[in-house]
Visitor: 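Let me begin by handing over the structure; questions about it come next.
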Amino acid sequence: MQRWLTGRQTPKSLDKDAFAALPRHVAIIMDGNGRWAKAHRLNVAMGHRQGTETLREIIRHTDDLGIGALTIYAFSTENWRRSAEEVAALMQLILDFFASEIDELDEKGVRILILGEKDALPPKQRDVLTEAETRTASNTGLRLNIALNYGGRAELTRAARRLAEKVQAGELSLEDITEDALGGELYTAGQPDVDLLIRTSGEMRLSNFLPWQCAYAEFVFPEALWPDFTVADYDEALQVFASRNRRFGGRP
């Protein structure tokens with residue numbers, strides 16, 4: 001398995017002209033915050049906070065490269081099972097991130113979309129997320145999708161239920177239920193499918209993340225823990241993507 005860079009002393013990042021091809025849509029499972037904290041003898045909240053610093057760099061570089069959409073897995077429906085202390089730290093990070101970043105994201109034309117059930121989040125977090133979506137709704141730059149209280153199976157169930165309701169109401173027939181119709185009920189409706197999925201820390205699982213959208217995604221599994229993942233690592237993943245022969249079920 002290919003080794004990946006760790007640490008923050010990295011070469012200068014590449015610009016978009018350095019790549020043979022860029023994905024339209026990148027998705028990232030930001031894995032390894034807890035292990036990073038343990039390795040540095042810190043509590044897990046500090047691992048998540050350091051991971052937020054990585055996220056800022058990756059969002060900026062994605063925008064600079066002109067990639068159309070970036071989806072990040074911030075909090076899954078299963079993450080509620082973690083300790084109350086860790087969940088509270090993650091909820092606080094939502095507030096801190098938007099307090100520090102929303103102005104820059106808006107100025108750069110980034111459009112924010114929350115994937116997941118916002119209604120189950122605490123009121124302060126729900127209000128901040130709704131405000132960010134509303135404030136950036138007319139922006140035409142990078143689509144930043146943040147998966148919060150998100151589960152892929154729950155998303156598909158939600159989409160199926162919406163189609164069933166339309167059939168029941170006489171708005172659709174059974175013959176109208178197509179792949180396009182179901183895709184139109186997903187949180188990412190109108191966006192391209194994921195071209196590249198990156199999961200840091202060397203783990204090789206999808207973990208209930210965008211199962212429909214990742215049907216033909218290229219997967220890359222860098223070994224760096226998320227807080228150690230650098231722009232140079234990201235560029236290397238993009239170079240790997242550019243080298244892949246994507247056949248979408250056909251033959252070369």
Side-chain angles (χ1 to χ4, degrees), residues 1-6 23-39 44 47-62 67-82 86-87 89-91 93-94 97 112-117 142-156 186-188 191-241 244:
M1 180 182 296
Q2 181 179 7
R3 299 296 299 179
W4 290 74
L5 299 173
T6 57
R24 300 168 302 167
H25 188 167
V26 177
I28 302 179
I29 301 175
M30 305 178 292
D31 198 9
N33 291 341
R35 278 168 282 170
W36 184 93
K38 184 177 181 180
V44 69
H48 291 305
R49 192 160 294 278
Q50 186 65 25
T52 302
E53 296 301 318
T54 297
L55 177 58
R56 289 188 180 101
E57 296 174 9
I58 296 304
I59 292 172
R60 287 171 183 147
H61 192 48
T62 303
I67 292 171
L70 172 66
T71 302
I72 58 169
Y73 207 4
F75 190 87
S76 76
T77 50
E78 292 77 25
N79 287 159
W80 295 110
R81 302 171 188 168
R82 297 186 178 184
E86 184 174 355
V87 170
L90 288 166
M91 292 298 109
L93 274 178
I94 294 172
F97 176 81
I112 295 167
L113 180 65
I114 305 304
L115 316 186
E117 295 298 328
L142 172 69
R143 295 291 296 264
L144 177 59
N145 305 310
I146 304 176
L148 280 162
N149 195 30
Y150 172 87
R153 289 182 174 181
E155 180 184 24
L156 291 172
L186 300 178
Y187 292 116
T188 55
Q191 299 186 42
D193 283 343
V194 174
D195 294 308
L196 170 63
L197 177 115
I198 301 168
R199 180 170 187 155
T200 56
S201 84
E203 298 291 346
M204 299 181 184
R205 296 185 300 277
L206 197 55
S207 295
N208 201 19
F209 183 48
L210 304 178
W212 179 279
Q213 296 89 335
C214 285
Y216 281 101
E218 297 295 324
F219 287 18
V220 177
F221 300 105
E223 294 182 1
L225 303 176
W226 177 248
D228 289 330
F229 188 74
T230 65
V231 166
D233 293 329
Y234 187 39
D235 284 343
E236 188 170 352
L238 294 172
Q239 294 282 16
V240 170
F241 169 80
R244 299 274 176 87

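Computed over heavy atoms, backbone and side chain alike; hydrogens, waters and symmetry mates excluded.
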Visitor: Could you walk me through whether Asp193 and His25 satisfy the side chain to side chain contact (heavy atoms under 4.5 Å, CB included) test, starting with their C-alpha distance in whole Å, then the side-chain angles of each, then the deciding distance to 0.1 Å, before giving a yes or no?
Guide: CA-CA 7 Å; Asp193 283 343; His25 188 167; over 6 Å; no
Visitor: I'd like to know if the side chain of Thr54 reaches the main chain of Trp226, judged simply by a donor and an acceptor atom lying under 3.5 Å from each other, with no hydrogens or angles considered.
Guide: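 Side chain of Thr54 to backbone of Trp226, a donor-acceptor pair under 3.5 Å: yes, one is there.
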Visitor: Between Asn149 and Gly116 (side chain of the first, backbone of the second, donor and acceptor by atom type, cut-off under 3.5 Å), is there such a pair?
Guide: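 Absent.
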Visitor: Go through the structure and list residues passing side-chain contact (heavy atoms from CB on, under 4.5 Å) with Glu78, not counting sequence neighbours.
Guide: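 Partners of Glu78 under the side-chain contact (heavy atoms from CB on, under 4.5 Å) test: Tyr73, Ser76, Arg81, Asn208.
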Visitor: Could you tell me how the ring of Phe219 sits relative to the ring of Phe221: parallel (under 30°), tilted (30 to 60°) or perpendicular (over 60°)?
Guide: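 It falls in the perpendicular class, over 60°.
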Visitor: Please name the pair of heavy atoms, one in Asn79 and one in Ala74, separated by the smallest distance, quoted to 0.1 Å.
Guide: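 That would be OD1-O, 4.5 Å.
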Visitor: Using the test side-chain contact (heavy atoms from CB on, under 4.5 Å), find all partners of Leu93 that sit at least two apart in sequence or belong to another chain.
Guide: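 Testing Leu93 for side-chain contact (heavy atoms from CB on, under 4.5 Å), a comparison that skips the adjacent residues, returns His48, Arg49, Thr52.
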Visitor: Could you tell me if the side chain of Thr62 sits less than 4.5 Å from the side chain of Leu144, heavy atoms only?
Guide: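 When only atoms from C-beta onward are counted, Thr62 and Leu144 do not touch, as no gap falls below 4.5 Å.
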Visitor: Measure the shortest side-chain to side-chain distance between Pro23 and Glu218 over non-hydrogen atoms and say whether it is less than 4.5 angstrom.
Guide: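 The answer is no, as the side chains (C-beta and beyond) never meet within the 4.5 Å cut-off.
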Visitor: Can Glu155 and Leu186 be said to form a side chain to side chain contact (heavy atoms under 4.5 Å, CB included), step by step?
Guide: CA-CA 7 Å; Glu155 180 184 24; Leu186 300 178; 3.4 Å; yes
Visitor: Looking only at heavy atoms, which two atoms of Phe229 and Pro222 are closest? And how far apart?
Guide: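 Heavy atoms only, the tightest pair is CE1-CG, 3.7 Å.
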Visitor: Does any non-hydrogen side-chain atom of Ile72 lie less than 4.5 Å from one of Leu55?
Guide: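 Contact flag for Leu55/Ile72 side chains = yes.
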Visitor: Who are the salt bridge (charged side-chain N to carboxylate O under 4.0 Å, His left out) partners of Arg56, not counting sequence neighbours?
Guide: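 For Arg56, the residues satisfying salt bridge (charged side-chain N to carboxylate O under 4.0 Å, His left out) (neighbours in sequence not counted) are Glu53, Glu101.
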Visitor: Apply side chain to side chain contact (heavy atoms under 4.5 Å, CB included) to residues Leu148 and Ile94 and explain how you reach the verdict.
Guide: CA-CA 10 Å; Leu148 280 162; Ile94 294 172; 3.7 Å; yes
Visitor: Rounded to the nearest 0.5 Å, how far apart are CD1 of Ile58 and CD1 of Ile198?
Guide: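 The distance works out to 7.5 Å.
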Visitor: Under a 4.5 Å cut-off applied to non-hydrogen side-chain atoms, are Leu210 and Leu115 in contact?
Guide: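 Leu210 reaches Leu115 side chain to side chain.
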Visitor: Grab the two heavy atoms, one from Ala237 and one from Val220, that are nearest each other, plus how far apart they are.
Guide: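 Residues Ala237 and Val220, closest heavy atoms: CB-CG1, 4.1 Å.
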Visitor: Output all residues satisfying salt bridge (charged side-chain N to carboxylate O under 4.0 Å, His left out) with Glu86, sequence neighbours left out; order by chain, then residue number.
Guide: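 For Glu86, the residues satisfying salt bridge (charged side-chain N to carboxylate O under 4.0 Å, His left out) (neighbours in sequence not counted) are Arg82.
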Visitor: Is there any salt bridge (Lys or Arg N to Asp or Glu O under 4.0 Å) pair reaching into residues 67-77, and which pairs are they, with sequence neighbours excluded?
Guide: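 Every pair satisfying salt bridge (Lys or Arg N to Asp or Glu O under 4.0 Å) with a residue in residues 67-77: there are none.
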Visitor: So how far is it from Leu206 CG to Arg199 CZ, rounded to the nearest 0.5 Å?
Guide: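 Interatomic distance, Leu206 CG to Arg199 CZ, rounded to 0.5 Å: 8.5 Å.
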Visitor: Answer yes or no: is there a side-chain heavy-atom contact under 4.5 Å between Arg244 and Leu196?
Guide: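 The answer is no; the side chains never approach within 4.5 Å.
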Visitor: Tell me the closest heavy-atom pair linking Leu70 and Leu142, and the distance in Å.
Guide: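 In this case the closest contact between Leu70 and Leu142 is N-CD1, 3.9 Å.
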Visitor: Side chains of Gln191 and Leu113, heavy atoms from C-beta outward: is any pair under 4.5 Å?
Guide: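 Gln191 vs Leu113: side chains touch.
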Visitor: Can you pull out every salt bridge (Lys or Arg N to Asp or Glu O under 4.0 Å) where at least one residue sits in residues 203-214? Sequence neighbours excluded, please.
Guide: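 Sorted result for residues 203-214: Arg35-Glu203, Glu203-Arg205.
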Visitor: Check the pair Asp228, Asp233 against side chain to side chain contact (heavy atoms under 4.5 Å, CB included), reporting the backbone distance first and the verdict last.
Guide: CA-CA 9 Å; Asp228 289 330; Asp233 293 329; over 6 Å; no
Visitor: So which heavy atom on Ala27 is nearest to which on Val194, and how close?
Guide: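 Scanning both residues, the minimum pair turns out to be CB-CG1, 3.9 Å.
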Visitor: What are the two closest heavy atoms between Asp31 and Ser201, and how far apart are they?
Guide: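 Closest pair (atom of Asp31, atom of Ser201, distance): OD2-OG, 3.1 Å.
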Visitor: Just to verify, which of Trp80, Phe97, Tyr150, Phe209 counts as forming a ring-ring contact (aromatic ring centres under 6.0 Å, His included) with Phe75?
Guide: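 The single option meeting the ring-ring contact (aromatic ring centres under 6.0 Å, His included) with Phe75 is Trp80.
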